[in-house]
Undergrad: 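Sharing a structure here in C-alpha cells format.
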Amino acid sequence: MAPSTGPDGARRRILAVANQKGGVGKTTTTINLAAALAEQGRRVLIVDLDPQGNASTGLGIEAARRERSSYDLLVGQEEAAGLVQPTAQANLSVIPATGDLASADVELVDDPSRARRLQRSLRDPGLLADWDYIVIDCPPSLNLLTVNAMAAADAVLVPLQCEFFAMEGLSQLLTTIKEIRRGLNPGLAIEGVVLTMYDRRNNLSDLVARDVRANLGDVVYRTVIPRNVRLSEAPSYALPAIVYDSNSTGSLAYRALARELLERGARAAA
Ligand SMILES: Nc1ncnc2c1ncn2[C@@H]1O[C@H](COP(=O)(O)OP(=O)(O)OP(=O)(O)O)[C@@H](O)[C@H]1O
Ligand SMILES: [Mg+2]
C-alpha cells in the first residue's frame, strides 16, 4: 500500500506500541501520546489489543461499554467504525479490549491468514479517512496479537524502561520486526524508541539512557519520560495524565514526545 499522507505530512499513521517486556510503559505511552496528539487537534483512535484492557480502563470505558471490542474486530472481523467508543477527551476515541482476546490465537488457529486480520480491518481507506493516527496498545508478548498489530502498522513505537535490563529482549523484538518485514508488512518502520520511567536522581537511569543511545542512535527520541506519580495515578481517575494533571512533568514530557513525533513525521515526508 502506498504511504498515506496526513495533515502534518506524517506518513506513519498506524502505530503499534510494542515491547514484549511487561510493565515498561506501553499503555501509559499509548494513552498519553494519543491524548497529546488529540490535544493538538489530531483525530486519534486507540485500539486496545491487550486482553488486560488497561488502556480501556485508563480511558474510563466501563464494562457495559465493552460488549463490543477489539475481539470483534480481530476474531469477528467486524467493521472498526462500529466498535469505536468516545472518551472524555475531544478527538480521542478507543476500541476497547476484553479478556476474551486472550483466546484469539487458539480460535484463529485454522485461519492461514490469521496474522493479517487486523491489517485487513485497519488498512481500510474509509477508516483512515476518519483518523489522523491509530495507536495500537500491544500486550507484553510477541504473540499473534502483537504480530497482527505489527502487520497492520506503518511503524512500531518501542517504550524502553530505564532500568538495568532495558536492552535485554530488544534484539528479539528487532528480529520479530525483521521477520514481519520479510512477509506480512514490508513497509514496517521503527517510529522510535522512547525511554520511560527515567529517574534523574538515580545514576543508573542516566547510564542506561546513554547506553541505549550509544547502541541505537537517532531512533531514540530526545524526549525522555520521567518517573512521575501523576502518570501512574491518572488511570484510576479514568483520564489520561494529560487531562488529569495537565502541567505535571509526565504530561509535559508526553506533549514533548508528541511534538517530536510530529516533527519527525514532517521531516520524513519532506
Ligand atoms: N513514567 C512513569 N512514571 C511512573 N509510573 C509509570 C510511568 N510509566 C508507567 N508507569 C506505571 O508503571 C506501571 C506499568 O506501566 P504500563 O502499564 O504503562 O506498562 P505496560 O508496558 O503497558 O505494561 P504491560 O506489559 O502489563 O501491558 C503502571 O502502573 C504505570 O502506571
Ligand atoms: Mg499495557
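Note that ligands are numbered from 1 as they come in the structure, with each ligand's atoms numbered from 1 the same way.
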Undergrad: Flag the pair Arg200 and Asp206 as a salt bridge only when some basic side-chain nitrogen lies within less than 4.0 angstrom of an acidic carboxylate oxygen.
TA: no

Undergrad: Mind checking the CZ-CD spacing from Arg66 to Gln85? Nearest 0.5 Å is all I need.
TA: 10.0 Å

Undergrad: When you check the gap from the basic side-chain N to the acidic O, do Arg123 and Asp154 get nearer than 4.0 Å?
TA: yes

Undergrad: At what distance, to the nearest 0.5 angstrom, does NZ of Lys26 lie from OG1 of Thr146?
TA: 8.5 Å

Undergrad: Compare all side-chain heavy atoms of Thr196 with those of Leu160 and state whether any distance is below 4.5 angstrom.
TA: no

Undergrad: Sub-3.5 Å donor-acceptor pair from the side chain of Asp245 to the main-chain atoms of Ala241, do we have one?
TA: no

Undergrad: Suppose the cut-off is 2.8 Å; which protein N/O/S atoms would you list for the Mg ion (ligand 2)?
TA: Thr27 OG1

Undergrad: Looking only at heavy atoms, what is the nearest atom pair of Ile61 and Pro86, with distance?
TA: CD1-O, 3.8 Å

Undergrad: With hydrogens left out, which residues have an atom under 4.0 Å from ligand 1, given that only heavy atoms count?
TA: Lys21, Gly22, Gly23, Val24, Gly25, Lys26, Thr27, Thr28, Asp50, Gln52, Pro140, Met197, Ile225, Pro226, Arg227, Asn228, Leu231, Ser232

Undergrad: So that I can tick it off, tell me whether Glu107 and Arg114 are bridged by a salt bridge, with the cut-off set at under 4.0 angstrom between side-chain N and carboxylate O.
TA: no

Undergrad: Both conditions, 6.0 Å and 45 degrees, for the charged tip of Arg259 above the ring of Tyr254: are they met here?
TA: no

